[in-house]
Structures are given as structure tokens and as C-alpha cells.
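Computation of the quantities below employed the complete heavy-atom set of this structure, encompassing side-chain atoms and omitting hydrogens, waters and symmetry-equivalent molecules. Labels below follow one simple rule: chain letters A, B, ... track the order of the sequence lines, proteins then strands, and each chain is numbered from 1.
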Protein chains: 2
Amino acid sequence: MTVTLKEVAERAGVSRSAVSRTFTEGASVSAKTREKVQKAADELGYRPSLIARSLATNRTRLIGLVANNFRNPVFLEVFDLFTRVLQERGFRPLLVNLSTETDPQKSLEMLKQYRVDGIIIATSTLPPTFPHAFSKAGVPVVHAFGRFGSEAGVHVVGIDNVRCGEMAAQTLFDRGYRSIALLGGPQSATSTQDRLAGFLSRLKELGLEPADIRFADNYSYSAGKEAMKALLAEKSVEALFCGDDLICMGAMDAARGSGMKIPQDIGFLGFNDMNMAGWSAYDLTTIRQPVRDIILKSVTLVIEMVDDTEQDADTQPFDCSIVERGTLRPLPAS
Amino acid sequence: MTVTLKEVAERAGVSRSAVSRTFTEGASVSAKTREKVQKAADELGYRPSLIARSLATNRTRLIGLVANNFRNPVFLEVFDLFTRVLQERGFRPLLVNLSTETDPQKSLEMLKQYRVDGIIIATSTLPPTFPHAFSKAGVPVVHAFGRFGSEAGVHVVGIDNVRCGEMAAQTLFDRGYRSIALLGGPQSATSTQDRLAGFLSRLKELGLEPADIRFADNYSYSAGKEAMKALLAEKSVEALFCGDDLICMGAMDAARGSGMKIPQDIGFLGFNDMNMAGWSAYDLTTIRQPVRDIILKSVTLVIEMVDDTEQDADTQPFDCSIVERGTLRPLPAS
DNA sequence: CGAATTGTTGCAACCGGTTGCAAGATTCAA
DNA sequence: TTGAATCTTGCAACCGGTTGCAACAATTCG
């Protein structure tokens, strides 16, 4: 069925090595031989088998891409960029969906069986033991959106969530809000924990107590909406810092549903700056996470690790910034 | 570094065949031998190399997953389901991002080099020559969201877009709209062409001319918004059938932006029923495409083709249905 | 108990490439 | 023109598994 090295060699009248060499970067072949081989290969429609090559070279050019949040629109950008950059660099992503997987160990086994050259884990909700397990197995690992310094031997690319929490508290304070609540993502996520910590510590510095602290079950519109309904049933707050734009939009619709106007009656500050935050039905003021930069850096890093050309392993957290839109009252004129 | 068959065999005191057999389904090994091998394998942390196995068996258990629309939220569900179902069945998805790829031929080569066992193409915007190229190469192909009957040898799983177009025209007509426009997705998409055809033919049967026909450049909120702005600058219409919910939401916001109330001043009918269509800020009445069913069927089909256990190759288009929400005036009481 | 049947095992060839090595062919400088 | 240096080429071993085959062991049956 498929054409092999041997057939090309026979047709071109050369050895198998010669054929192999014409198809490997930087091997020594004369122009004459190369031409003969090319011709024969073209006529036969030959493509080298990467499977066979992998076996011989011990390199697969396969990168495992592990994620567990396939329902959040942020991940569209994540997948788009990851796959695109990887394939530009001649690698291919092998996707692992951990949404329902109870046992990360099993996924690890699968990836190991495919002998992936490297792994990118894109999540802020998995325990750090997970990336660590790979690194211990000797596979280059980059943890995108992870928590810094949590596990030795694992490169983390992401933001400083503690700082983001502080930034959120400060931003809301600066605009004159005093009754401030936090509606976080899942409590088990390290990102949630860190943002909460930063949020609380800054609030304390400013002499404030949080008006309410609660968490959505997952990163979804409906989880945000439910949580907000519950909050509104209990108390009223001036402003809310949400752990994710999606959650925030759900919360906004819950507030509007009970007759509130935004930002007159209540302020909202989101997180991520996903596309939809800019939609005029929401026009959400939010903290932008540089997803693009994080992904580009993650891919670059994992490829460097694979090629062993690591240049700057000292990964710094990326900065976040406020994107001003219409869900917070303006800064008081000073 | 990695443990191989040979080492396990030596430690267990058996031949390499025996080890291989304990790890292959349905091979003949005695309980005693299997136990010895298991023990040795566990102690050494051995996992068979799927690369080597693939070379010998000529099966990779890799399924190519080709898509070119990574920015539309519908694809979150697509990716989630595809990856999940595949891995439940013991296959792995090898992702190909065709968003920017100008030359599909190149992607084909890449997939062929990895010797994928099958391919799922999830798009309604690629020319049918693309799936056909794979099928000609002898690789099982399923074209999800494709056009039926367009290419021999390619299994298509999807909906009947002509019927959907008819359904849209009929729905709007039934609600008393007479000045009806279509705002389609990219004109090059077969789905757009088919829906347009159905839409026009039904309108004609009903004795109506379309009030306006235009197309968004891509499946995005902003493309929908821009197109709607342009439309509003030229004329006014009573109702709009959009080729995608995202486009529709953009169009809705454009209408609202020029002071219109929905559904009082203008009606909107979307397509897909993505999650966001249910958000209260839009509450979009839309035509539901059974994405889940399409994907489940696609995966089942491609796996059957790989295993050569094809059961029902006569794939019928799935039905679409109207999801009633709040962007169309109600049916007149009859 | 012996013959026939069925189950288990190891040998060796093979899957489709890569690569170190040594020999042969070229090129270059003197 | 010749010898040294550099290229090019084929051989053969190897990557880590699978599998047909034949030999042998265990079981079943008359």
C-alpha cells in the first residue's frame, strides 16, 4: 500500500541509506544522487514514515497538550495558538482531555506510551503533582497558567495571581467602592486561591473587610449566574470581582434580572478579557491576562527543552492590566 | 532511559515474545508466565512503546482531527467531545489547525507521515476535494458538518442545510414577517450556500422576495456586527436569519446600538444554538444543530472504518429544530 | 495408558527507517 | 601529476516491538 524506502532505493538505483539521507536534514548526499532519489520518490509518491523514524531516532516530534477545561472560550484561543505555533515549528500536538479523567496517572501513561517529546499542561486547576509526575519521568514539561514555584523541575509560564488579586482590590477601592465582594472560580484552582489571597491582603491594607466571598463551581456562565443569585438573596454589595469573565457575565445577567443597572447600582470587574468581554451587551471592565504571550512562551520553552537549547529558563510571570470598559463607575476626578 | 521489552524478558526469565504476548490483547500466554512478566514489568515500570508497536502492526491508533475554525465557541464542544470519545475508545487525536494553512495538501502530507489510522474533518468551509484527497489515499475519512453527496468515498455526517434554510424562511413567515433578510456566514462555505438555496426557494414558494442577502466575512461577533451596520445604513428589515449565533449576536448588538428593540422592532433567528444563545442578554431564538450527535456519529463511524466493522454506512442527515426564545415575535394565535 | 487435541513457548524474520564505519570517489594544493 | 584531505556511498547493525511457525507441554478422550 504505502511506499517504503526500499522501493525508492531500488527505483533510483541507490542504497537505502542514500534515500534516507536525502530526506534527513544536513546529511551528506551528492546533488546527483539527491536528484535521482527525488525523482524516484516523486514518481512513487513516497513520504518517509515518521513512525519508523521515531523508532530509530528516539524523537517523535509529538507534544502532549493537556487541558481540563474545554468549555471556556479562552481555550479556543489557547488551542488555536498552541496548534498553530507547534505546527509551524514542525511539531504536532497530541491532545489529552482531562475534563472527566479522574486519574491523571492514566493520562500520563498514555502520553508516555506515545513517547511524546514534551508536554504542555494548560490549566490552573490541576494539582502541581501532575506536571511534576511528568518531569520526574524525564519528559520536558511546561505548565502554562500554573502557579510559580510550586514544584521543582517544572517550568511555569503564567501570571502572578496574587498580584492580580491585589490589583482588583485596589482598582475597586480607587473607584470609591467600599462594599466589595469576590466571586471566584472553583476554589480548588490555585489561581483562585492566589487571587483570593492577594485580594484579601490588599483589602486589609486598605482597612476593608470583604463584603462577601464565594466561589462558582466551574468556569461557566450558569455557575456565575447561580452564585450571584444566591449572593443577591442574602445581601447587597457595591461591586464584585469575578474570577473569570464568563462567571462575571452570568453574574451580571443575574443582577440585571433582579432589576439592577450596571454600573449605576453595582459594579463588575472580570478576569481574562476574553473576546466576549468586549461585546456591547456586557462591555465588561476586566483584568487582561496575556494569553497569547503565555502560550507563545510555553511553546518556545518546551521546544527549547526538547532541542536542549534552553536559553532563558528563568521564566518571569507576565503582567496583567486593567481593560477599561463600562461595568465600573469611573475614577473620581482628582 | 526507558525500559524495553528485552529487559523485562531477561528479568522475568522468559523470551521477548512472551512479554509481548502478555501485553497484547487476546494472545496466548499461560497464567504463570503472565504473572512473572507482570511482576517484572511492574518492578521496572515498563510501558510498551506504541511507536514500535505501530511500526510492527501498521496501526497507530492515531486519528487526525482537522479543523479550520478555532475561534467559534461551537468548536469548544466539538473538541471536547471528539477528544473525549476518542480517548474512551483508546484512540488519540492528532490535531491539525487549518486556520491559516493555505495549502491543504501540506496538511495531508503531514497526517500521512504520521500514518494516522483515520481522519475526521470538522468543517463546512473546506472544499470537498480536501476530504476526497484523503479518501483517495486510502485513509478512512469522515467529514463532519459536510455537504452530503458531494464526493464519492467520503462519509459525511451532518445536517441538511437546504432544509434548514427552508425551515428558517418558513419560521419567519409563520410569525408574520414579510420583509426578511439573510445574513449568512462566509459565502464560500457549502453550509452557507445550501442554507441560502433552501431559504430562497421556500421564500419563493411563499411568494416573497428576500429583503436583503449578505454575508459575514467569518463566523465572528464583529463580522456580524459590521455586516448589520452596513445593512442598517442601507435599508430596514423586519427580521433576519443569521448563519451562525455568533454572527447573530453581533447583528443584534448593532441593531440595539441604533436604538432598536428586539423583538419589537426587528426579529432575529440564529443558527447552532450555542451556549451563549441562552444567555439572557441575548435570549436568542435559533435553529439547533445537533452537534453532539454529529460528533458521536463521526467518531463511531471513523472507528468502525478503521476496525473494518462498518455497520451502517448509510449516514442520514440529522434533523435540526427551532429553539424558541425571545428574539422573534410569537406565532399569531390561530 | 496411548493417541489425539489443544495450549504455550521461543526462534527468527520483519515493520521502515537511521547511522557509525570503512572503503571508494573527488577535490584541492603543491 | 601526486598525495592528502574531504565527500559520498553502501554495508550492516540497530531502534522496540509483533507474529508465523515448529517444537514441546498439558489436557482430553477412548
Roughly how many Å is it from [atom1] in [X] to [atom2] in [N], rounded to a whole number?
X     : N      : atom1 : atom2 : answer
B:K6  : D:dG16 : NZ    : P     : 9 Å
B:N58 : C:dG17 : CG    : C1'   : 14 Å
A:L50 : C:dC15 : CG    : P     : 19 Å
B:R21 : D:dT18 : CZ    : C1'   : 9 Å
A:E10 : C:dG16 : CD    : P     : 13 Å
A:L44 : C:dG16 : CG    : P     : 14 Å
A:R53 : D:dG16 : CZ    : C1'   : 18 Å
B:I51 : C:dT18 : CD1   : P     : 14 Å

Which is true for [X] with a 4.0 Å heavy-atom rule: it touches a base, it touches only sugar-phosphate, or it touches nothing?
X     : answer
B:V29 : sugar-phosphate
A:S17 : base
B:T24 : sugar-phosphate
B:S49 : sugar-phosphate

TODO: May I ask you to verify whether the side chain of A:R16 and the base of C:dG16 hold a donor-acceptor pair under 3.5 Å?
DONE: no
Open item on the list: Assuming nearest nucleotide by heavy-atom distance, tell me which of A:K32 and A:S20 is located more 5' along DNA chain C.
Closed with: A:S20
Open item on the list: On DNA chain C, compare the nucleotides closest to B:S28 and B:R115; which residue's is nearer the 5' end?
Closed with: B:S28
Let me check something: any side-chain donor-acceptor pairs from residues 8-17 of chain B under 3.5 Å, sequence neighbours excluded? List them with distances.
unit_1	atom_1	unit_2	atom_2	d
B:R11	NH1	B:E43	OE1	2.2
B:S15	OG	B:S17	N	3.4
B:S15	OG	B:A18	N	3.3

Proximity to the side chain of [X] - top-ranked nucleotide from [options]:
X     : options                : answer
B:T2  : D:dG16, C:dG17, D:dC11 : D:dG16
B:Y46 : C:dT18, D:dG17, D:dT9  : D:dG17
B:A52 : C:dG16, D:dG16, C:dT8  : D:dG16
A:P48 : C:dG17, D:dG10, D:dG16 : C:dG17
A:A56 : D:dT8, C:dG16, D:dT19  : C:dG16

Open item on the list: Do the side chains of B:K297 and B:D293 get close enough for a salt bridge, i.e. N-O under 4.0 angstrom?
Closed with: no
Open item on the list: Please check: side-chain N/O of A:R147 versus main-chain N/O of A:A189, any donor-acceptor pairing under 3.5 Å?
Closed with: no
Task: Enclosure of A:N58 CG (heavy-atom neighbours >12, cutoff 6.0 Å) - done: no
- [ ] Assess the pair A:Y46 and A:F23: is the distance between their ring centroids shorter than 6.0 Å?
- [x] yes
Task: Approximate separation, where rounding is to 0.5 Å, of B:H143 NE2 and B:I120 CD1 - done: 11.5 Å
Open item on the list: For C:dT8 and B:S30 - does any side-chain N or O of the residue sit under 4.0 Å from the phosphate oxygens OP1/OP2?
Closed with: no
